[in-house]
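Chain identifiers are assigned alphabetically (A, B, ...) following the order of the sequence lines, protein sequences preceding nucleic acid strands; residue numbering begins at 1 within each chain. Quick caveat: nothing in here was measured; it's all calculated off a predicted structure.
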Amino acid sequence: MIKAIKGTKDTLPTDIPSWRKIEDDVRRIMENFGYYEIRTPVFEETALFSRGIGEATDIVSKEMYSFTDRSGTSITLKPEMTAAVVRAFIEHNLGKIQNLNKVYYISPMFRQERPQAGRLRQFHQFGAEALGCNDPSLDAEMIILAWDIIRGFGLKDLTVKINSLGIPSSRENYRNILREYLSPHLNNLSEDSRNRFDTNVLRIFDSKVESDQEIMKGAPLLLDHLDEESLDHFNKVKEYLDTAEIPYEVDPKLVRGLDYYTNTTFEILSNSVGSQSALCGGGRYDLLIEQLGGKTTPGIGFAAGIERILLACENENSLDISLPQKDIYITRIEKELQKEAYALCVRFRRAGLNAEYDYSGRSVKAQMREANKLNAKYVLMLGGDEYANGKILLKNMRNSEQEEFDINSIDEIINKLRGV
RNA sequence: GUGGGAGUAGCUCAGUUGGUUAGAGCAUCUGGUUGUGGCCCAGAAGGCCGAGGGUUCAAAUCCCUUCUCUCACCCCA
């Protein structure tokens, strides 16, 4: 038997209402905040991601779905959206059309990781990017936007964490300070953390090994070594967040794995999913655009994992999804009336109503059970003496009341159903 | 890539000192008199017990191999 590829999932009809709810709310709120949808191809030239995200990152060095096409070009299924949006921004000169471009997306992403709770190989993100402005109010807006959307799904157990990574020079300076602090402890660090000492010291803060955490407790913090401008920016972001009553925590240990971040970074975490608790992550990237060949332009964005949000919603039972309904189910008593029932069904559908009938010619009881199962508001019944006298019965399935209609006045029924 | 757990009906799971035609609940289908749903009742259908090999008179049950799913590390959304 052929099965779906590891780490991919089918979204079955019964799953769709939750997905629609997420997607609809995302679109509505994004657009209220002034963001316009953008769509980019599922694959890009590999170089876009290796240059954008960073050659040394895990995403680029071991998680990308890359292949060579027939022309010999190395192509990669997009593992994240920011680089793709920036590419489109540069390619179409969007910065020339307006100073500030605010876009959002809902799209599948691909990373070849070992699947687990809240982690798939094809997963879906929604997110936003704002290119062209570095005002701290925009940093705050990103966080407010993400918070409002995610909070809107009824989730309770959420935490917002923010931090600032400063500008590269102050970060580099801090890295050396951190290395100095860690040098004497090097032999006591876990193997993973020892490796990170050279490649990405900051990430040692993320270590889940207790002894590492013990050592890191005494470590100097990046926030205490920020340059004045970055610190000022960060303080203003916090002020704007306060005006919007966002319950954030400053987490000086919040380090994000993508190379392009500068200044503000943030995450929204949930306690009701597994260990992959980050529902959303983002930050400012003021150097990425020129790094990818565009004119120097500040940018900020976030991405949120739809599967993770759905997982949290399931665990908190927070999404109220109403059952799908049928406007009308058409039944017939005598099998000879099958064609008439069919014609009526088509007529109702063409009138814009959600109509169904029994394709397999089953008993009245079976038809009624089906109508009930489909959550039909009304059942129309053809047959018997009524039909012989030019009448049909309309049964209200909520209160079981039945009403007789003239067979020539289907429009009356249609109007009645539309009014419901 | 490294560990732990699990694979029996569509779903959730019972089922070992190895022993007759492998079970339950839910879901499905059909009925419970002549034309009517939800509750209830009855019946039916549905399984090479993940796959391959081995031990045995006998394997869902024991051993080996393999595949898949799952959780965690790692990393991130």
Side-chain angles (χ1 to χ4, degrees), chain A residues 1-9 12 14 53 57-63 79-82 106-127 146 150 190-193 195-196 200 203 206-209 254-258 266-270 273-283 301-312 326 329 331-335 337 358 360 362-388 392-402:
Chain A
M1 187 177 66
I2 297 177
K3 299 207 280 194
I5 300 290
K6 188 204 245 327
T8 68
K9 279 235 175 346
L12 299 174
T14 45
I53 302 170
T57 60
D58 278 34
I59 294 180
V60 170
S61 63
K62 46 190 184 201
E63 296 171 2
E80 63 112 39
M81 194 66 177
T82 303
I106 303 175
S107 173
M109 306 292 164
F110 306 85
R111 292 181 200 172
Q112 189 164 177
E113 298 181 86
R114 192 80 164 254
Q116 71 182 75
R119 191 167 76 184
L120 293 167
R121 291 184 170 183
Q122 176 177 343
F123 59 103
H124 297 77
Q125 292 184 331
F126 65 82
I150 293 173
S190 67
E191 198 189 326
D192 278 334
S193 291
N195 289 334
R196 284 185 282 221
N200 198 344
R203 290 215 67 95
D206 279 349
S207 175
K208 289 179 186 170
V209 181
L254 174 64
V255 177
R256 315 227 66 250
L258 285 67
F266 64 94
E267 277 184 2
I268 299 177
L269 301 131
S270 167
V273 293
S275 68
Q276 304 301 310
S277 57
L279 301 186
C280 161
F302 78 86
I306 296 181
E307 284 86 351
R308 281 184 194 178
I309 289 172
L310 283 170
L311 203 60
K326 290 267 166 227
Y329 190 93
T331 67
R332 43 100 273 253
I333 294 164
E334 296 84 6
K335 284 196 179 162
L337 294 174
D358 178 43
S360 46
R362 293 180 297 173
S363 68
V364 174
K365 186 192 193 102
Q367 294 178 77
M368 289 303 292
R369 278 184 175 156
E370 181 81 359
N372 190 61
K373 202 175 71 188
L374 293 176
N375 202 13
K377 294 184 221 165
Y378 286 91
V379 165
L380 190 66
M381 307 181 80
L382 314 194
D385 294 340
E386 294 93 340
Y387 195 77
I392 46 180
L393 275 180
L394 183 69
K395 174 165 184 165
N396 182 325
M397 293 294 275
R398 302 281 181 271
N399 58 19
S400 299
E401 280 171 16
Q402 302 193 156

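At whole-Å resolution of the value, CZ in A/R203 and P in B/rC73 are 13 Å apart. In this entry the distance linking CZ of A/R119 with C1' of B/rC75 reads 6 Å, nearest Å. Residue A/I392 contributes atom CD1, which lies 15 Å from atom C1' of B/rG35 at whole-angstrom precision. The CD atom of A/E401 sits 17 Å away from the P atom of B/rG37 (whole-angstrom rounding).
No hydrogens or angles were tested; on distance alone, nothing pairs the side chain of A/E113 with the base of B/rG1 as donor and acceptor under 3.5 Å.
Remark on RNA chain B: of its neighbouring residues A/A4 and A/L120, the 5'-side contact belongs to A/A4, judged by nearest-heavy-atom nucleotide.
Nucleotides B/rU16 and B/rG23 are separated by 14 Å at their P atoms, to the nearest Å.
Which of B/rU36, B/rG1, B/rU30 sits closest to the side chain of A/M381 comes down to B/rU36. Side chain of A/A303, nearest nucleotide from B/rG31, B/rC73, B/rA77: B/rA77. Distances were taken from every side-chain heavy atom of A/Q125 (C-beta onward) to each of B/rC74, B/rC29, B/rA77; the shortest belongs to B/rA77.
The phosphate of B/rC69 (OP1 or OP2) has a side-chain N or O of A/K6 nearer than 4.0 angstrom.
Among all heavy-atom pairs drawn from A/P79 and A/I53, the shortest one is CG-CD1, 4.0 Å.
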**Item:** Summary of protein contacts for nucleotides 41-47 of chain B, nucleotide by nucleotide, where a base hit scores B, a sugar-phosphate-only hit scores S (4.0 Å, heavy atoms)
**Value:** -------

